[in-house]
Amino acid sequence: MRTVTDPALTDPDAGRSGHLAPEPTSGPRGTRPDVSDAAGTDSTGGSPRLGSVRRQVVLSLGSNVADSVHGDCVQILQQAVDLLVATAGVDGVNVSSVYRTTPVGPVTDQPDFHNLVLVVETDVTPQRLLERANAVEQELGRVRTIDGGPRTIDVDIVAISDEVIDTATLTVPHPRAHERAFVLVPWLEVDPQASLVGHGPVCRIVDQMDVSGVVRTDEKVTLP
Ligand SMILES: Nc1ncnc2c1ncn2[C@@H]1O[C@H](COP(=O)(O)OP(=O)(O)OP(=O)(O)O)[C@@H](O)[C@H]1O
Ligand SMILES: Nc1nc2c(c(=O)[nH]1)N=C(CO)CN2
């Protein structure tokens, strides 16, 4: 049995030190069996267990602040994708184009965002995935200032298969996903059949929303 080594779980300083190492994956993508040593964890996100559940997870990534250490917004998005997919028990399935998007929410006086959607398959728990997403944000220099304000990187969990989760730290589907064209347009690109629990087919939601602030770019972020 392999030890779970995520610094987000074992090192309280993970991310603050700026040394979040990509986690080793346990084999070539798509070939690893769904077994307990793939960082499948119990409901506390702790020790590995047998018979872990395999889920498809939709992640929304956004960046609107460049940084002298990590580069421009597209480079930051690429590093975030690389780190997330390097997580033990997380396999990249698809990544959307990069979209240039008008800021929405409480703070509109901020630079345009670069957004994309990353789809992964995983047998780690939702809570552990959230912790890993937060650790990746820390590693890439995110500082929490104002709600909805500028950030080097934001990683949101949009949907986890057809699950509904409502805990103190995690709400799935993401409570604002259904009103965010910067989430739904890239998601639809990589999964035209996508459906959002409680809201129905994503194509129908998108048909009825203003998508003028979401522009596909030629910039590339790829799966490693
Ligand atoms: N589905 C989710 N994805 C990501 N974080 C979530 C989710 N549900 C709850 N949270 C919690 O939200 C907290 C705050 O998230 P964050 O600071 O990224 O918000 P924000 O990006 O400013 O706003 P928004 O949530 O509208 O994108 C996180 O620490 C996390 O515990
Ligand atoms: N266009 C766009 N607007 C936002 C975004 C984002 O990623 N893209 N993220 C926010 C907070 O999570 C608030 N507003």
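Just so you know, ligand 1 is whichever comes first in the structure, and atom 1 is the first atom listed for that ligand.
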(message) Residue-level breakdown please: for V104 versus ligand 2, do any non-hydrogen atoms fall below 4.0 Å on the side chain, on the backbone, on both, or on neither?
(response) both

(message) Using heavy atoms and a 4.0 Å limit, tell me yes or no: is R151 in contact with ligand 2?
(response) yes

(request) Tell me which part of D154 gets within contact of ligand 1: side chain, backbone, both or neither, using heavy atoms under 4.0 Å. (result) side chain

Under 4.0 angstrom from ligand 1, any heavy atom of [X]?
X    : value
R142 : yes
V158 : no
R180 : yes

I'd like a table of donor-acceptor pairs (distance under 3.5 Å, sequence neighbours excluded) in which one partner is a side-chain atom from residues 163-171, with atom names and distances.
{"from": "E163", "atom 1": "OE2", "to": "R55", "atom 2": "NE", "distance (Å)": "2.7"}
{"from": "T167", "atom 1": "OG1", "to": "T169", "atom 2": "N", "distance (Å)": "3.4"}
{"from": "T167", "atom 1": "OG1", "to": "L170", "atom 2": "N", "distance (Å)": "3.0"}
{"from": "T167", "atom 1": "OG1", "to": "L170", "atom 2": "O", "distance (Å)": "3.3"}
{"from": "T169", "atom 1": "OG1", "to": "Q127", "atom 2": "OE1", "distance (Å)": "3.1"}

(request) Answer yes or no: does an N/O atom from T171 fall short of 3.5 Å to an N/O atom of ligand 1? (result) yes

(request) Answer yes or no: does an N/O atom from D147 fall short of 3.5 Å to an N/O atom of ligand 1? (result) no

(message) Using a 4.0 Å cut-off to any heavy atom of T102, which atoms of ligand 2 qualify?
(response) 1 (N), 2 (C)

(request) Heavy-atom contacts with P103 under 4.0 Å: which atoms of ligand 2 show up? List them by number with element. (result) 1 (N), 3 (N)

(request) Would you give the length of the straight line joining atom CG of D156 to atom CG of L59, rounded to the nearest 0.5 angstrom? (result) 9.0 Å

(request) Answer with yes or no whether the side chains of D67 and T152 bring together a donor and an acceptor at under 3.5 Å. (result) no

(message) Is a donor from one side chain sitting under 3.5 angstrom from an acceptor on the other, for Q78 and D82?
(response) yes

(request) Starting from atom 7 (O) of ligand 2, find the nearest protein heavy-atom neighbour and note its residue, name and distance. (result) N115 ND2, 2.9 Å

(request) Note the single closest protein heavy atom to atom 12 (O) of ligand 2, along with its residue, its atom name and the distance in Å. (result) D154 OD2, 2.9 Å

(request) Please confirm whether G62 comes within less than 3.5 Å of ligand 2 when only nitrogen or oxygen atoms on both sides are compared. (result) no

(message) Please check whether T101 reaches ligand 2 - meaning an N/O of the residue sits under 3.5 Å from an N/O of the ligand, judged on distance alone.
(response) yes

